[in-house]
Amino acid sequence: MNLAALQPRLLMGPGPSDVNPRVLEAMARPTIGHLDPQFLEILNEIREMLQAVFRTQNKLTLAVSGTGSAGMETCVVNLIEPGDKMLVCLAGVFGTRMSDVAARAGAVVSTISVPWGQVFAPEMIQEAIDRDGPFKVVGIVHAETSTGAAQPIPPISQVVHEAGALLLVDTVTSLGGMEVDVDGWRVDACYSGTQKCLSCPPGLSPVTFSPAAEEVMAKRRTKVQSWYLDMNMVRQYWGSERLYHHTAPINMNYALHEALRIVLEEGLEARWARHNSVHRALKSGLEELGIRYLADPAHQLPMLNAVSAPDGVDEAAVRKRLLDDYSIEIGAGLGEFKGKAWRIGIMGESATERHVGAVLGALKQLL
Ligand SMILES: Cc1ncc(COP(=O)(O)O)c(C=O)c1O
């Protein structure tokens, strides 16, 4: 493949989203050393900007080298020791992935589920705690990318904290596109990804740990199961010690730095409002075409629109024509929704009226 001939796409799937040219230009800046004072200044600024975007004062806030799944593993393996009890709330593919990660880390995992597209009532979590608890950690995915539903974190957080557990929240799809308030919601461990509403290429995973989570980590009896993701060591590179642990992905960090600058220049509230208004335009256009949403409408995510492919339509053939003839990428259904659904992402740079007009125009011609 000749990279110079690469065909650009409108990225309207579940991630990655379109990337601002400023971010791509930042990635092309000269590579410097991972202990160069200039690079260390960049890391400090990334931490400060991540604190602003996560809405937290947490000192232990940084970008893990790896995609969103690395952030998931980082949060789980640093909090869990073999034999610890963890409750994982399953409402789609990524909750299931979190329970798998927890089991591999040696947790005694309990799960509760709701049908795909639905959300948990706090009472369900209370019942699970009464039945199988106490738990050290309760894990939940805020924005479930496989279904398009947003879990109501604040009431869940209250139940979890009353029971003395730590709350672990996946914000891979939500961060930068809708409200995430780590301190206000009392989230103890939170991870995200770069390639969705932050509109940066995939490759880093922002994470943040509350003082309570740090205390639990400080009292561990056993070593963290993963050497690479052990926060005790990684934090000594991101902190004032600057101890070598692994070579930071230099140019990926340039990209995240620029992407975060763009997010904060726009302003978080303005960015959430933009995702909402673009979502409303997409929704009304899809409904005009007779296309139905799959998630509970009261909890629909703005940035991820999981919809039923109309009866009699070959959903894979439509996706292929969108890509081949219109250079528009949308996502397929996952798991229970495989073969039946499309997932249309309007994340970050892809949340514009232009994107909505392009995908609706193409679908009108194809259906
Ligand atoms: C909610 C959620 N969590 C975790 C992940 C895993 O992220 P990654 O694919 O970047 O490893 C994804 C990816 O789509 C996701 O949507």
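Read the numbers this way: they start at 1 and go in the same order the structure lists the ligands and their atoms.
Residue E144 places every heavy atom at 4.0 Å or more from ligand 1. No heavy atom of H142 sits closer than 4.0 Å to any atom of ligand 1.
Each of the following atoms of ligand 1 lies closer than 4.0 Å to a heavy atom of T145: 1 (C), 2 (C), 15 (C), 16 (O). The V141 neighbourhood of ligand 1 comprises atoms 1 (C), with distances under 4.0 Å to a heavy atom of that residue.
We find that E258 and R261 are joined by a salt bridge, their nearest charged nitrogen and carboxylate oxygen being less than 4.0 Å apart. Using a cut-off of 4.0 Å between Lys/Arg side-chain N and Asp/Glu carboxylate O, R47 and E41 are scored as not salt-bridged. One finds no salt bridge joining E73 and R97 here, because no Lys/Arg side-chain nitrogen approaches an Asp/Glu carboxylate oxygen to under 4.0 Å. Salt-bridge check for E266 with R274: passed, with a basic side-chain N closer than 4.0 Å to an acidic carboxylate O.
Comparing heavy-atom distances from atom 13 (C) of ligand 1 across Q195, K196, R343 singles out K196 as nearest. By heavy-atom distance, the residue among G13, G345, S69, G95 lying nearest atom 11 (O) of ligand 1 is S69.
Of the heavy atoms in A143, only backbone atoms (N, CA, C, O) come closer than 4.0 Å to ligand 1.
Note: no N/O pair closer than 3.5 Å links R97 and ligand 1 by distance alone. Any N or O atom pair closer than 3.5 Å counts here, and Y191 shares no such pair with ligand 1. Considering backbone and side-chain N/O of G68, one or more are found under 3.5 Å from N/O of ligand 1.
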- Between H246 and Y228, is a ring pair (Phe, Tyr, Trp, His ring centres under 6.0 Å) present by the stated rule, with each step listed? CA-CA 8 Å; H246 64 273; Y228 194 71; 4.4 Å; yes

